[in-house]
Amino acid sequence: MSEESKVELSGDSLSLADLVHIVESSDIASIKKTVSEIVNVINDPESSAKQLKDIIELDPPLSAKLLRLANSAFYGYTKRITSIQEAIVCIGFDAVKDLALSQKVSQLFDKYDKIRDYSRDLLWKHSVAVALFCKLLYRREYRELGENSYVAGLLHDLGLIVEDQFIPILFSYILEKSEARGTSLYQSEKEVLGFDHTEIGGAILAGWDLPDELVTAIASHHDPLRVGGDFAKLALSLHVSNYAVQKAGIGYSDMPRIDLPLFDQCRRQLNELAGSKINETALGLILEEVEKSISVMESTGWFSHGR
Ligand SMILES: [Fe+2]
Ligand SMILES: [Fe+2]
């Protein structure tokens, strides 16, 4: 990101539409095509391993990153994997889908940018943990695939990246305000900008040809009770995952003061909706698994700058 392309506007003159417009022609939008293609493969029950392989192979840097990680200790595979086809056979279609998504989205977090307590490295670790948590929630508690759960976690705080990249001075002021008062970032964002990072993320992703369920969940991850109908489950699950990961202190936290009553309400609503029994024990077991994965990923360099 060059200095000239940074756009610093005053909080008064900046509209959500301005910001979305700026992002559309930026490096952030460069991941749009591949991400939407992979998400569409995941959501299509008829999709094949060949379709996924073709999407990945059309993106050589993604293929290279994916193969490097497929050969890392994380997957513990002893034979050297030399092609995407082989990766799909060895580590599985499901694992390659997640790996392809996470590696494509990780491009957004490549820049080392520390503003007060915030950095993209910490936000990336947080996002991966939320993705893993949300996916496990679907698989273990609802016995469902939760096709959009993993990508929802990866992309849910996209609005924060947009703020740090295009309005760093305002973003620093927002961080300072939240730190001083111990309030969540979205509250300070509302005061300073008139909108928050959930709205920024939702407005950008609405133009990315992604499932509505996914965009709605991201756009309401701090206020999921307003989502009704078929989309409520993912919105509530994303909020619960975000809460659990922040409470455990994994990566960056945009909610210094955790809203326990809201979390409890979301958990109860989810149990009614999904017929699940999400309680402290269930969440603790998922968290244990997430922490284990995060620590192996950490030791294999997933979160270091220039990954
Ligand atoms: Fe957030
Ligand atoms: Fe978050």
Side-chain angles (χ1 to χ4, degrees), residues 16 19 23 28 101-102 105-106 108-109 113 115-137 148-167 170-172 174-175 177-179 181-206 214-227 234-260 262-263 266-267 283 286-287 290-291 294 303:
L16 182 55
L19 211 44
V23 172
I28 291 178
L101 267 178
S102 64
V105 174
S106 81
L108 300 181
F109 297 81
D113 227 4
I115 307 178
R116 305 188 73 87
D117 281 347
Y118 164 92
S119 77
R120 288 201 190 184
D121 278 359
L122 284 176
L123 184 63
W124 178 230
K125 194 195 274 189
H126 163 76
S127 306
V128 172
V130 174
L132 291 169
F133 199 105
C134 200
K135 180 176 165 171
L136 283 171
L137 203 53
N148 294 313
S149 55
Y150 190 77
V151 68
L154 292 180
L155 286 171
H156 77 283
D157 279 328
L158 173 70
L160 295 183
I161 292 182
V162 172
E163 287 179 43
D164 100 37
Q165 185 155 327
F166 298 104
I167 47 168
L170 284 171
F171 185 51
S172 174
I174 289 165
L175 290 169
K177 228 171 147 66
S178 289
E179 274 168 36
R181 298 187 308 193
T183 51
S184 292
L185 221 52
Y186 70 88
Q187 291 163 306
S188 305
E189 289 168 329
K190 284 260 191 214
E191 285 173 28
V192 175
L193 303 171
F195 49 86
D196 65 26
H197 67 277
T198 65
E199 292 168 85
I200 299 173
I204 289 164
L205 297 172
L214 173 61
V215 179
T216 304
I218 290 171
S220 57
H221 73 267
H222 288 294
D223 182 20
L225 294 172
R226 69 185 168 89
V227 182
L234 184 62
L236 293 163
S237 301
L238 182 58
H239 182 85
V240 165
S241 306
N242 191 37
Y243 170 94
V245 166
Q246 303 224 39
K247 191 164 171 263
I250 307 173
Y252 179 71
S253 171
D254 64 6
M255 289 194 298
R257 201 177 293 155
I258 280 176
D259 190 340
L260 187 59
L262 175 61
F263 162 75
C266 290
R267 195 171 54 85
L283 294 174
I286 294 177
L287 187 63
V290 170
E291 281 175 328
I294 292 286
F303 305 115

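Remember, it's 1-based here, ligands and their atoms both numbered in the order they're listed.
- Distance check for H221 against the Fe ion (ligand 1): an N/O/S atom falls below 2.8 Å.
- For a distance bound of 2.8 Å, the N, O or S atoms of Y252 include none lying that close to the Fe ion (ligand 2).
- The OD2 atom of D254 and the NE2 atom of H197 meet at the Fe ion (ligand 1) at an angle of about 80°, given to 10°.
- Contact record, L101 with V151: CD1-CB, 3.8 Å, taken as the closest heavy-atom pair.
- Side-chain atoms of L108 and I28, non-hydrogen and from C-beta on, do get closer than 4.5 Å to each other.
- To the nearest 0.5 Å, atom NE2 of residue H239 and atom CG of residue D259 are 6.5 Å apart.
- With the Fe ion (ligand 1) as the vertex, atom NE2 of H222 and atom OD1 of D157 span an angle of 170° (nearest 10 degrees).
- A donor-acceptor pair shorter than 3.5 Å cannot be found between the side chains of D196 and H222.
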